[in-house]
Amino acid sequence: MPLYNAVENEKKWQKIWEDTKLHRTNLEDFSKPKYYNLVMFPYPSGDKLHIGHWYNYAPADSWGRYMKMKGFNVFEPQGFDSFGLPAENYAIKTGVHPTVSISQNVGYMREQLHKMGTMYDWDKSVVTSEPDYYQWTQWVFLQLYKKGLAYRKNAPVNWCPSCQTVLANEQVVDGRCERCKHEVTKRDLTQWFFKIRDYAERLLNFEGLDWPERTKLMQQNWIGKSTGSQVVFELCNEKGEKSGEKVTVFTTRIDTLFGATYMVLAPEHALVEKITTDKHKKNVAEYIEKTRKETDIARSAEDREKTGVETGAFAINPANGEIIPVWIADYVLVTYGTGAVMAVAAHDERDSAFAKKYGLPIQEVVAPTGGSLGAVTKNEATGGGAEKADQNPQSQSDGPFTEYGILINSGEFTGLTSEEARKKITEWLEEKKSANFTVNYKLRDWLVSRQRYWGAPIPIVYCDKCGEVAVPEKDLPVLLPKDVDFTPKGDGKSPLNTVESFVHTKCPECGGVAKREVDTMDTFVDSSWYFLRYPSAKMSDRPFDTGMTKNWLPVDMYIGGPEHACMHLLYARFINMVLHDLGHIDFEEPFKRLIHQGMITKDGAKMSKSKGNVVSPDQFVEKYGSDTFRLYLMFMGPFSEGGDWNDKGITGIARFLERFYQLIHVNELVGDKAALQRLLHKTIKKVTADIEVFHFNTAIAALMEFVNNALKIGMDDETRKAATLLIAPLAPHLAEELWEKVGGEGSVFENSWPVFDPALIVEDSVQLGVQVNGKLRAQVTVDVGADKDTVLAAAKAEPNVAKYLEGKKLVKEIYVPNKLVSFVVAV
RNA sequence: GCCGAGGUGGUGGAAUUGGUAGACACGCGGGACUUAAAAUCCCGUGGUAGCAAUACCGUGCGGGUUCGAUUCCCGCCCCCGGCACCA
């Protein structure tokens, strides 16, 4: 018969916490150091909280509780990222207005979070779709606008035909819409962008940030910096008569310039129409049309053959004056570099394939370096692999030689290494004003406008007289109208376009007739600054209080999924930097320490409604209680690794908590007091060290060992209290109950985390392994302070060791204190 | 293809400045209690051989360094995550 009724007890303590306002943080209290403990806020979906949320939030809350007990004034807020497509799509399907479904879902999820027993400060919450929040999202937009960092331009953009909206680059995954998985196509549309590119270099710097290496690498990769040169090619006809047009290309391999035997422009390149000769106009037009229709998936298919057509135009290679043909091909991307490349068929995979297909000339200008010099390869920056080129000279025989080497057929530059030539050739052409060093980034500006209803309206109006005008800050919020027919019309326009009362307005500058911008903002804009808002959540006249942000930010610990590495986490850094540059905040980086939780799968697959494999935590919480469920999730494995869900072992945790509860009620010390102290202090040491690095699984294992051993020794009052404190962050409800039972003062969370005493941990004796020729032959127990000779003698005396030493010549004796003894004998 | 993280019992996982592999838990086998079952408690549990002592094998595969390798080095294989014609 279990003594501990988890479900009832948890209700009791949740009510007490609520009544005593235990988890309302006094943000003005600086008697203790502040600690801002943040998790990525959820989207209030109709699926409610699933196991993945718990897997993220429960350990994050345990961390907050731990830091509180360590003496910090912990601020742990929670909110809802409530704008976005799911609510709108749900509304289209069912007719339930997003404001209704969102408020229901928020209510239900708050209830779940309450039952989890988290210490969120609900007085400081945000819901991004509420006017008192999105007013300030619009304010953020205006800050960027005023600085020239928000702009509108017509561009080919990613279009999801199913969601009927454009997508940011970051939201296109494998050529498909991140949300609905539909193939993404291109559309020419006028859209709003944020100039995140201007911050590319700063975003590459992670100095002072305690972030996972892999996340930093992912961002660096996404930003994609590469250094090279721009080279200007003058255009001409086949006879070499200059047309006056120029095309600039970007290359990281200007050392191969003498081998540039043709040039390729992206089909969308601005000059294509102008330079195409009459003879080729039809072909070119057809090719452009064909490219345009293709989705990104088709265009980037791996084994896809390269295609392209001639323009009839020619260009002059500035290095050797050769007249080379100009082609267009869709393997050149208009979005990267200058949208044009110099093609070096002899030293580039893509150019080589293209040249072979269309019979274009190939000119070798780089030879592999001889053995003694050591090949300088493309990999040299990464440190490894430089030797490989020499080992396998045949490997390049059927493809182009793409590594660094020694220049040949390159005029006065012949004989230089690629590295030297990159510098010298650029300098040489720089004098003639036809080249310069430059840097390129893969990162593109952030497309923030969406042709959807459920988002923050972009605060811009278009006046017949004044043109594009920003809505003055005092007129915010630009309210999102409620009564809207939000079914997509397939015209690529926002549903707000149909709301006359919204569209027609007065120009804030001249008072004349004006129309509102009808696009709304990407939800990632909402989430790019919410962490600034929490401490000032109730403020109605400002987005955030300067004093509050100064005192409480940056975020000390940020916990959330790695899937946000190149989206939310990049955007938030960018917006934070912009607000810093504008003087609104005094720090550049928003998140000091970052930890990702792993993903929870079901039968190896990501949980999703469509697969029907979503597991709800509610049934387990009702049966076992929150503590057991939290502990079970943490016990599954390391926090950052996730795992496949099954409920098989949950009884083990339930048993453990029951045993823990009973242990505290065992009154007599039947064993040795010193042994109990040693056990306790070893446990304090282990649990503390494990929690510090988010290894909750081994912290729990240590507590289990503690229980298993302590049940044999018994308990004393001191140990009872310390053990209760130790389990408190992990099983908060159980700990409160026990704390009350053992006569502790106040809430267990108002007490200090126990500190271990190294002196109490010291053991009298230690068991060593004894090896002979590397094989374990025996174990020997010796006094901790024993000297080497004593230990060796004891080891040799072991029968199973003596057996192997007998009659053999002892070559070597190795003694590793507290670990092992190893004998080496001649064979 | 490139970048990153992994591969350990029937299962989830412990242990890496090289030092007794398999902590802890699930499951399984046996026992106690019970009329019986559940719950609980005790014992056992990497594989092979053996009554046992013990021996041999064993951390994805193949080599290497070392008295000693899950840990370091070289070469592969397989899963997972990210990027992907970026000139």
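No experiment lies behind these values; they were computed from the predicted model shown. Below, chain A is the first sequence line, B the second, and so on; all start at residue 1.
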### Task
Verify the ring-centre separation between Tyr632(A) and Trp645(A): is it less than 6.0 angstrom?
yes
Candidates [options] - which lies nearest the side chain of [X]:
X	options	answer
Arg655(A)	G27(B), A84(B), C85(B)	G27(B)
Thr252(A)	G82(B), G19(B), A87(B)	A87(B)
Met704(A)	A15(B), C85(B), C24(B)	C24(B)

Is there a side-chain polar atom (N or O) of [X] under 4.0 Å from OP1 or OP2 of [N]?
X	N	answer
Asn800(A)	A55(B)	yes
Tyr804(A)	A55(B)	yes
Asn697(A)	A14(B)	yes

### Message
Please name the nucleotide paired to C80(B) by Watson-Crick or G-U wobble geometry with both distances under 3.5 Å, or report none.
### Response
G4(B)
### Carboxylate-amine/guanidinium proximity below 4.0 Å for Glu705(A) and Lys686(A)
no
## Note on the structure
Contacts of Phe635(A) meeting ring pair (Phe, Tyr, Trp, His ring centres under 6.0 Å) (sequence neighbours excluded), chain-then-number -> none
## Note on the structure
Contact string for nucleotides 42-49 of chain B, one letter per nucleotide 5' to 3', B = base within protein heavy-atom range under 4.0 Å, S = sugar-phosphate only, - = neither, reads --------
### Task
Please work out whether the ring planes of Phe639(A) and Tyr55(A) are parallel, tilted or perpendicular, with thresholds of 30° and 60°.
parallel
### Task
Decide whether a cation-pi geometry holds between Lys306(A) and Tyr331(A); the criteria are a distance under 6.0 Å from NZ or CZ to the six-membered ring centre and an angle within 45° of the ring axis.
yes
